[in-house]
Amino acid sequence: MPLRLYNTLGGAKEVFEPLVPDAVTMYVCGPTVYNLAHIGNARPVVVFDVLFRLLQTQYGTVTYARNITDVDDKIIAAAKQGDRSIESVTEEYTAKYREDMAALNALPPTLEPHATHHIDAMIELTLTLIEKGHAYESDGHVLFAVESMEDYGKLSGRSLDDMLAGARVEVADYKRYPGDFVLWKPAAAADPGWDSPWGRGRPGWHLECSAMIRALLGETIDIHGGGRDLIFPHHENEIAQSRCAHGGDYVRYWMHNAYLDIDGEKMSKSLDNFRTVRDLLQSYRGEVLRFALLSAHYRSPLNFSAELLDQAQSTLDSLYSTLRSVEDVALDMDVSLDGEPFYAALNDDLNTPEAIAAIHALSHQLHKATEDEKPGLKARMLAAGNLLGILGEDPQEWLQGTTADDAIGAEQIEELIQARQDAKAARDFARADEIRDQLIDSGVVLEDSREGTTWKRG
RNA sequence: GGCUCGGUGGCAGAGUGGUUAUGCAGCGGAUUGCAAAUCCGUCAACGCCGGUUCGAUUCCGACCCGAGCCUCCA
């Protein structure tokens, strides 16, 4: 089944074909480690994690790199503010980032390069750009000369004239042209810096991705992903650096996710309307957050709200209930993904909402299935869940698992259920209902069936 | 101002030139001691105005509204 991806460069869905057959290279812009990741930051992580899983079903080797930006103005500022070392800041937030993303069932990337480990490659890239006449040194800075590139602006669809029309580019007197951007800048004595041909300094924002991609994945990679707001200037400038340094295609498929909105406005650090993943994990399981992020297509804005999360929670509960009802059913090991609606949906530019709809269809069929049909349906449902990174928990544990604020324990619940059974057997329905109401007040829902009474927290 | 992208039923959210998205909520029924869950049925939408077409929510144009980028930001 061919995978089709929407390529920002060109603005259309294209059939995906890796440069090297059976081996895919993918790079996603990772965090600058100076504070906690918010749920908006988690969107690309979850989206590209689904892509990572999907690619692995079709290609023998999938190399997925996600960088850690550990040198940056904001890190320096955070260290100063907290009166602590740069390393202690970056180490703390790198560790927390990994924990938070793991809580969202995101697989670790194949490679997790740190910018500070690749300074040499950045200096080398800068030297090449100077040699080739695309960069110049000025007042201790090295700048990329955007006018030296024929089709600068192609990814974001803007020309140099367009950009100047905005007139909000930083005009600095060391720039030959206002749109030129920094490759290397001088470092203050107290700030982190590395020796370079231009004195002690540090890299500009865009340089690390170009340098690390070349060093780790090669001059041309298949997929480069990130949030929409990175299209310009970040990815545009990466293209400029890499193409001017070593020609060829830098990236074959550019993918950009839309953001999370809060009340119709972008969730962002600068607007201060964000919720951190860590904070949300106090109230919701990671899988609930993940499901919420996947409930809209990645290129559409997604309004983030308590209602969204509550709905994700109840949908997952319902799907896990279905799985619990077939807990004793063996798995058909022979299922094929080909032709599966959820698989077709994901292969169509990661249409996760449609894939979720297909899971609902499987769940629905499972309720009505004959015993013969159940092993196959269950296997298909779990396979779909696995690609989306959901439904992997034990259903019973999912439905009955305790969270921090649950007042009543499983043992006590079982005792009350037995007491209710006894009351029912004695046809004392008033007493039976009383017990059920008591459990509802404790957040426990009972479900009677011929086989007996099951319960879940809800 | 320049460049993008959107406006789908009560809500969330897919998709399509001509028969169902899906989920939640609602309504009717089955089931149940009563519920819950499940099953069956059901209501309801395509911003506005033109154009193309036998036929447009889907294509084209104008308009209105919204969001984003152009400055750190997923």
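Worth saying up front: this structure is predicted, and the values here are computed from it rather than measured. Order of the sequence lines fixes the chain letters, A, B, ..., with proteins taken first and strands second; residue numbering starts at 1 for each chain.
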Quickly work out the A/L160 CG to B/C70 C1' distance and round it to whole Å.
13 Å
Rounded to whole Å, how long is the line connecting atom CZ of A/R228 with atom C1' of B/C3?
12 Å
Taking any heavy-atom pair under 4.0 Å as a contact, classify A/L230: base, sugar-phosphate, or nothing.
sugar-phosphate
How far, in whole Å, is B/A56 from B/G61 if one measures between their C1' atoms?
15 Å
For A/D348 and B/U16, give me the distance from atom CG to atom C1', rounded to whole Å.
13 Å
Could you give the CD-to-P distance, from A/Q365 to B/U20, as a whole number of Å?
18 Å
Please verify the inter-ring angle class for A/F181 with A/H206; under 30° counts as parallel, over 60° as perpendicular, anything in between as tilted.
perpendicular
I need the CG-P distance between A/D229 and B/A74, as an integer number of Å.
7 Å
Pick the P atom in B/G50 and in B/C11, then give their distance to the nearest Å.
26 Å
Between B/U38 and B/C5 - P atom distance, rounded Å
41 Å
Cationic tip of A/R285 within the cone over A/W398's six-membered ring, i.e. under 6.0 Å and within 45° of the normal?
yes
When you compare the side chains of A/D70 and A/Y93, does any donor N or O come within less than 3.5 Å of an acceptor on the partner?
no
Contact under 4.0 Å: A/S318 side-chain N or O vs B/G23 OP1/OP2
no
Quickly work out the A/D317 CG to B/U38 C1' distance and round it to whole Å.
16 Å
Between B/U38 (P) and A/L319 (CG): distance, integer Å:
10 Å
Distance-only polar pair, side chains of A/S242 and A/S210, donor-acceptor under 3.5 Å:
yes
Less than 4.0 Å between a side-chain N and a carboxylate O, is that true for A/D49 and A/R290?
yes
Would you classify A/S321 as touching base, sugar-phosphate or nothing, given that sugar-phosphate means primed atoms plus P, OP1 and OP2, and contacts are heavy atoms under 4.0 Å?
nothing
Closest to the side chain of A/N41, out of B/C69, B/A74, B/C72, is B/A74
Side-chain N or O of A/N351 versus OP1/OP2 of B/G15: is the shortest distance under 4.0 Å?
yes
What integer number of Å spans the C1' atoms of B/C59 and B/U53?
10 Å
Check whether any side-chain nitrogen or oxygen of A/K266 sits under 4.0 Å from OP1 or OP2 of B/A74, and answer yes or no.
no
In the structure shown, which nucleotide is the Watson-Crick or G-U wobble counterpart of B/C49, with both distances under 3.5 Å?
B/G61
Nucleotide opposite B/C69 in a Watson-Crick or G-U pair, distances under 3.5 Å:
B/G2
Whole angstroms only, please: what is the CD-P distance between A/E307 and B/C24?
17 Å
Need one value for A/R299: base, sugar-phosphate or nothing, where a base atom within 4.0 Å counts as base even if backbone is also close, heavy atoms only.
nothing
Could you work out the separation of B/G2 and B/A62 based on their P atoms and round it to a whole Å?
14 Å
Would you measure the distance from the C1' atom in B/U71 across to the matching atom in B/C65 and give it in whole Å?
26 Å
Distance-only, no hydrogens or angles: does the A/T276 side chain make a donor-acceptor pair with backbone N or O of A/L36 under 3.5 Å?
no
Is the side chain of A/K13 donor-acceptor paired with the backbone N or O of A/L5 at a distance under 3.5 Å, no angle test?
no
P-based separation of B/C43 from B/G10 [nearest Å]:
15 Å
Side-chain N or O of A/H297 less than 4.0 angstrom from OP1 or OP2 on B/G13?
no
Is there a side-chain contact between A/K368 and the phosphate of B/C40, meaning an N or O under 4.0 Å from OP1 or OP2?
yes
Which base, if any, makes a Watson-Crick or G-U wobble pair with B/G41, both distances under 3.5 Å?
B/C27
Below 3.5 Å, does any donor atom in the side chain of A/R43 face an acceptor in the base of B/A74, or the other way round?
no
Among B/C70, B/A74, B/G13, the one nearest any side-chain atom of A/F232 is B/C70
If you check the A/L260 side chain, which of B/A74, B/G23, B/G33 turns out closest?
B/A74
Would the base of B/G33 count as contacting A/D433 through its side chain, where contact means a donor and an acceptor less than 3.5 Å apart?
yes
Looking at every strand, decide which applies to A/D448 at a 4.0 Å heavy-atom threshold: base, sugar-phosphate, or nothing.
base
If only side-chain N and O atoms of A/H364 are considered, is one of them under 4.0 Å from the OP1 or OP2 phosphate oxygen of B/C40?
yes
